[in-house]
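A quick write-up on the structure given underneath.
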2 protein chains.
Amino acid sequence: MVRVSDASPIWIRPARGARGPQPTHSRDEIVEAAIALADAEGLAAVSMRAVATALHTGAGSLYRYLSSRDDLLDLMTDRVAAGLRPFPEPAGEPVDSLIVLAGRQLALYRRHPWVIDLLHRPTGIGPEALAWFDHCLGALAPVPCGSAAKFEALAMMTGVVTLFARTESAAPPPAFTGLDLTVYPHLVAAFADPGVRRPDLFDRTLRGLLTALLYD
Amino acid sequence: MVRVSDASPIWIRPARGARGPQPTHSRDEIVEAAIALADAEGLAAVSMRAVATALHTGAGSLYRYLSSRDDLLDLMTDRVAAGLRPFPEPAGEPVDSLIVLAGRQLALYRRHPWVIDLLHRPTGIGPEALAWFDHCLGALAPVPCGSAAKFEALAMMTGVVTLFARTESAAPPPAFTGLDLTVYPHLVAAFADPGVRRPDLFDRTLRGLLTALLYD
DNA sequence: GTAAACTGCGAACGACGTTCGCGGTTTCTC
DNA sequence: GAGAAACCGCGAACGTCGTTCGCAGTTTAC
């Protein structure tokens, strides 16, 4: 019995061998079904059995195409990253270009909120994610700082984007009923004077961050 | 059969009723064992059965003290947040104070890396986390902006700290063996010229971020 | 003294990821 | 063309997980 083994990353592993009957399904079909499930009911609903049921087959059959559920999650992440295309062309100042790119990333996370929970895994940097990263590096070409600083800036940028996306998609925390709030004087004072919320938080945050990391 | 129900958050739920024999264990004891397990073997090792075994009992017995595993994770998070005490007293510029506070938070995440994976949950803002947040708000008292901006700045600060902590604790990604790297021209060019890495990345990132959010 | 509310315990349930062996199908090699 | 090798779908099964439940025993309230 030969199944899809995990000797090498899923990206460069052949989908099937040369002999045997033509497969009923395909990796793309499985990944598409899994993404539809995640979009509709969240990441927890993406179980091997659920994906298999959506494809009218059994859970064990999926292991003809994938070596593990982690592989499936990796493929989902990269497939969704393909939705970043077409890449916006850099125009104007590099920081402005990056803010546009970050906005596109944020829009993607809004469309597929479950991706946020897959980004912090060490695995799963696929070809599409690499292409996006490469494009962002291209937008940073005019900046005269070293490559290490650019890597750090892009990593921080992606992190901030996920922070914004998470804040948006997260449910509001439950009320503090039952807690003795007098122990938190600054907190109650702040709630008494909410102040006005600046609208362009995303832009200002990224501009401050990127300027500090690239030009200081 | 009356167990610990989930009608209200775990923080204000009484640990036990008035009648019945004296319990063998306690919430604190369970949380402590769970934290020790997470420190030693990671969050995945914190199963109800494993915690129960460490306490020489059965998994089902834990539900006399907790209503779910999520409750246990909430308690672990807040218990670890108590390690932020004693709070550093604000001194000098508010931004400088915040950077000191952020550094303390980073040190905590270094001691308990698994906490990072628990922070993005909507539940689990316990009294210790609230006290820390209140103290940070106090350090921001001299800043003349509105409370909403301060909330946003603190949320971003915590987010950036988790980004740094995650980057440190994450294993390096597997090599890109087998991928056609010529498709990523900027990436290979950047790897050819790594440049020099600035040492004070944490400070500069936070300073740029906080200044943009609080004073612009 | 009796009833109510609690205790620990262990078996059990359903869901999960994954493995395995089976019979059948396709392709390669001679 | 014959046979071996590799692959296919399928369904049962394994071990682990969080959680529920009933039972027997213990403590408290009235």
Side-chain angles (χ1 to χ4, degrees), chain A residues 1-7 10 13-27 29-31 33-34 37-38 41-76 117-118 121 123, chain B residues 1-7 10 13-27 29-31 33-34 37-38 41-76 117-118 121 123:
Chain A
M1 159 174 316
V2 176
R3 314 187 85 102
V4 174
S5 77
D6 49 348
I10 183 79
R13 221 174 299 155
R16 58 163 308 203
R19 315 188 192 183
Q22 183 168 325
T24 312
H25 307 285
S26 69
R27 254 183 219 172
E29 194 186 349
I30 295 174
V31 171
L37 250 169
E41 305 175 51
L43 202 56
V46 183
S47 68
M48 300 301 267
R49 281 172 175 83
V51 174
T53 302
L55 264 50
H56 305 98
T57 181
S61 303
L62 297 185
Y63 289 84
R64 295 276 175 204
Y65 307 87
L66 315 159
S67 70
S68 69
R69 182 173 183 263
D70 279 337
D71 265 358
L72 176 58
L73 298 180
D74 286 350
L75 290 172
M76 289 168 68
D117 295 323
L118 297 179
R121 304 159 8 119
T123 73
Chain B
M1 158 174 315
V2 177
R3 313 186 87 101
V4 173
S5 77
D6 49 347
I10 184 80
R13 221 175 298 155
R16 59 163 309 208
R19 315 189 192 184
Q22 184 169 324
T24 313
H25 308 285
S26 69
R27 254 183 219 172
E29 195 184 349
I30 295 174
V31 171
L37 250 168
E41 306 175 50
L43 203 56
V46 183
S47 67
M48 300 301 268
R49 280 172 175 83
V51 175
T53 303
L55 263 51
H56 304 98
T57 180
S61 303
L62 297 184
Y63 289 84
R64 295 277 174 207
Y65 307 87
L66 315 160
S67 69
S68 69
R69 183 173 183 263
D70 278 338
D71 265 357
L72 175 59
L73 298 180
D74 287 350
L75 290 171
M76 290 168 68
D117 295 323
L118 296 178
R121 303 161 6 120
T123 73

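Note on naming: letters A, B, ... go to the chains in the order of the sequence lines (proteins, then strands), and numbering restarts at 1 for each one. Because the structure is a prediction, the values reported are computed rather than measured. Just so it is clear, the values below take in all heavy atoms, side chains as well, and ignore hydrogens, waters and symmetry mates.
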Under a 3.5 Å distance rule, please check whether A:Arg27 uses its side chain to pair with a backbone N or O of A:Tyr65 as donor and acceptor. yes
When rounded to whole Å, the OH to P distance for the pair B:Tyr63 and C:dC9 reads 16 Å
In whole Å, I'd like the distance from the CG atom of B:Leu66 to the C1' atom of D:dG18. 13 Å
B:His25 and B:Leu55: which non-hydrogen atoms are nearest, and at how many Å? CE1-O, 3.3 Å
Nucleotide of C:dT7, C:dG24, C:dT18 approaching A:Pro21 most closely (side-chain heavy atoms): C:dG24
What integer distance in Å separates A:His56:NE2 from D:dG11:P? 14 Å
Measuring from the side chain of B:Pro23 (C-beta onward, heavy atoms only), which nucleotide among D:dT20, C:dG8, C:dG17 has the closest atom? C:dG8
Indicate the atoms forming the closest heavy-atom contact of A:Leu62 with A:Met48, along with that distance. CD1-O, 3.4 Å
In short, A:Ala38 meets A:Met76 closest at the heavy-atom pair CB-CE, 3.9 Å
Rounded distance in Å - CG (B:Asp70) to C1' (D:dG18): 10 Å
Answer yes or no: is there a side-chain heavy-atom contact under 4.5 Å between B:Leu73 and B:Thr123? no
Near DNA chain D, counting only heavy atoms under 4.0 Å, which residues of residues 44-54 of chain B show up? B:Val46, B:Ser47, B:Met48, B:Arg49
Nucleotide of C:dG8, D:dT19, D:dC8 approaching B:Ser61 most closely (side-chain heavy atoms): C:dG8
A:Thr57 side chain near D:dG9 phosphate (N/O to OP1/OP2, under 4.0 Å): no
Specify the residue among B:Gln22 and B:Arg69 whose closest nucleotide of DNA chain D lies further upstream toward the 5′ end. B:Arg69
How many Å lie between CG on B:Leu37 and C1' on D:dC17, as a whole number? 15 Å
Separation of D:dG11 atom C1' from A:Leu62 atom CG, nearest Å, is 14 Å
Choosing from D:dT19, D:dC8, C:dT7, which nucleotide comes nearest the side chain of B:Ser68? D:dT19
Short side-chain N/O contact to D:dG9 OP1/OP2 from A:Tyr65, under 4.0 Å: yes
Any donor-acceptor N/O pair, A:Arg69 side chain to A:Val46 backbone, under 3.5 Å: yes
Should A:Leu66 and A:Ile30 count as side-chain neighbours, where that means a heavy-atom distance under 4.5 Å? yes
Report the distance from atom CG of B:Leu55 to atom P of C:dT7, rounded to the nearest whole Å. 15 Å
Return yes if the base of C:dG8 and the side-chain atoms of B:Arg64 contain a donor-acceptor N/O pair under 3.5 Å, otherwise no. yes
